[in-house]
S.K.: 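Here it is, the structure in full.
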Amino acid sequence: MDMKSTKHQETISKMTLEQKFRFLTGVDSNATYGVPELGIAPMYCHDSPFGPRVPLSRNEYATQAASAFPNSSGNKEAVATAFPTGCALGATWNRSLLKEVGQAIGQEHKAYGVTALLGPAVNIKRHPLCGRNFEYFAEDPFLSGELGAAYVIGAQKNHIAACPKHYIANNQERGRFSVSSEMDERTMREIYLAPFERIVKKAAPWSIMCAYNRINGVYASESSFLLDDVLRKEWGFDGVIISDWGAVKNRAYSLKASIELCMPYQKEAFFQLQQAYAAGEITDEEIDGAVDRLLTLQDRTNESPVEPAIDFKKHHMLAVQAARESITLLKNDGTLPLQAEAVKRILIIGERADQPFIGGDGSSRVQNPAMLTTPLQEIRHILGQDADIDFWGESEINTFDHEVGVLEGKIAEAAKAADAVIIFANQDYSCTSETMDRNDIEIPPYQEHMIRAAHRVNAHVIVVLNTGSAISTYKWSPCAHAILVSWLGGQGMGRAVAETLFGLNNPSGKLAETFPKRLDDVLSLRDYPGDGYKTEYREKLMVGYRHFDTNNIEPEYPFGFGLSYTSFSYSDLEINGRTVSFLLKNTGCCAGAEIAQVYVSAPRCSWLSHPQKELKGFEKVYLRPQEEKRVVIALEKRDFQYWNPMLHDWVSEPGEYHIFVGSSSRTLLLSAPVYIKDEHKITFAASAE
Ligand code: BGC
């Protein structure tokens, strides 16, 4: 990299080589090296994408804020709004909401003096077992990229750097520090680079975090190809690259690959730079270029003063709204919404009603949520004093103390007397955790037994899945009259769940990841988790719905699926150039939002094979009962292109493409062919016309 800006030349010329080397690596877990005499202040890089995690000790404002929340100052981190995690935000499919949420999270970080907010996490959910799927938005690169870009735009309004991560292909936690994600060029471009490309081009993040893993044998932290050639030169990224915590193996190699900041403090980094410099392996130009770009980050983030106060009430309401929009209704025979006036006695089973999982474990976990209500409290609030609420938590249902048969009998007895039964189901907390993948996608057998037992005697059994990723429901779903997914929905989740159960919120979330019937149906299972050294991505483009739809495998619930308490109709598709428009009507009797999706399929006579169809557009539309709107979605040139590995470029072939519009990847309600006549780069394909 050349040193582009001359603004910092004077400062850089005054820095000693030692100061420069120190500046290129953290001084502790979160801070960079400051040189006060040259006006270089330390910068601070903090988790998480769902709310700040800042130590109380470092920030006066954090301590002040904590004293306003005496109940939540039990540990050493600042109070923060715990927003819904990536899986929940992904299910909202709502760009403007993501912008607002990004802005609020960025504002909290800014208030705590953070320079770079370590998120959003936009890796593709390649495999349902990945322990960090709960942090990621989607299995689809277009959706991930659109939501990630909206988040970054919102966050950076605060003059703080967003830091999309983990660049790239950190798709499993097993062996995450060294496993090599092995893939061909087209797969890399179309699936794993694509969300980052979209974010860089649409939102210009001021930083990016490289992944721990290797890609085709080369550490992400040392890949000049990915970091310099693609990210900077091809896409025009002009921010700084921060290593994931401990991802740098050799500081000199990572500097050569253009990583400005190695995090956190690593004793050996300084000596590695010293040695490499002495050996002539790294140049002054490379060192000064990196220092210059870090100083530019400092200028950018210094442009506005620290935000003085966080409006926790306002942010709580935004967290509630985001949780509401994320709730995904998978099944409903009419049981939901419950009518509060008609419910006299209700049986609520499952510890998560009282101790909800609002986030996953690891670096993204917001430790001190500013406000938190549980589903149980909120249900009590809605039903009032008169209703009889029978709650069975851990002590009543754990199978160490209760033999399953006996438990089933007791549940049946209690369920018989109830107007409805709500069962909160979940996997163990370790199934939603950084550093660990899960072993299966099932809920524990005792929870299945509870659902079955309740179903035998009660006609209104509702299952709330408090999960961070896909769950297989097919074994027990016939025994559930309604199923909704609350995800790991942040501090507003309790309220959102209760409101949805009682019709005060009309669910509008849609799956951003396929829910398979069985794990075996997932194509990448054959290569997961690899041999300990590498994981071959032999499924290539066939990730998530691309595989299920192309290979005609029935998922339990498809990508893009989610029910509402109202209904929608689609009609009158018009295609004008690259603009798709259609009429969307709310045909039911309550207000609601629909996420309309546009998929494109490539010509049959294409020279390369393609997924049956791919998501290229979506819009979340709010409609009053009987209201109708024309939805307009503009497609881009890229939406008709694929990566050609011979030409190393995006190309479109002439031929007949199909546009599909629908409410999920499997419910395609409108379609029309479009023809591309002009040949771009490919000169040998015949026109289908
Ligand atoms: C995680 C990153 C996180 C960093 C700092 C790493 O282990 O992979 O996502 O931002 O730690 O906590």
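Here the structure is a predicted model, which means the values were calculated and not measured. Both counts, for ligands and for their atoms, begin at 1 and track the order of listing.
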S.K.: Would one find more than 12 heavy atoms of other residues, nucleotides or ligands at under 6.0 Å from atom NZ of K540?
M.R.: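 It does not: K540 NZ has 12 such atoms or fewer within range.
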
S.K.: In this structure, is the centre-to-centre distance between the rings of F177 and Y212 below 6.0 Å?
M.R.: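 Yes, the ring centres sit under 6.0 Å apart.
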
S.K.: Is atom CZ of F142 surrounded by more than 12 heavy atoms (other residues, nucleotides or ligands) closer than 6.0 Å?
M.R.: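 Yes, because the 6.0 Å sphere around CZ of F142 holds more than 12 heavy atoms from other groups.
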
S.K.: Please work out whether the ring planes of Y537 and Y192 are parallel, tilted or perpendicular, with thresholds of 30° and 60°.
M.R.: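 Perpendicular, since the angle between the ring planes exceeds 60°.
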
S.K.: Do D437 and H127 have a side chain donor and acceptor closer than 3.5 Å?
M.R.: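 Distance-only check fails for D437 and H127.
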
S.K.: Heavy-atom contacts with ligand 1 below 4.0 Å: which residues, ordered by chain and residue number?
M.R.: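 The answer is D47, L118, R132, K165, H166, R176, M209, Y212, D244, W245, S363, E434, counting any residue whose heavy atom sits under 4.0 Å from ligand 1.
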
S.K.: Could you point out which residue of I124, L143, L98 forms a side chain to side chain contact (heavy atoms under 4.5 Å, CB included) with F137?
M.R.: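 Passing option: L98.
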
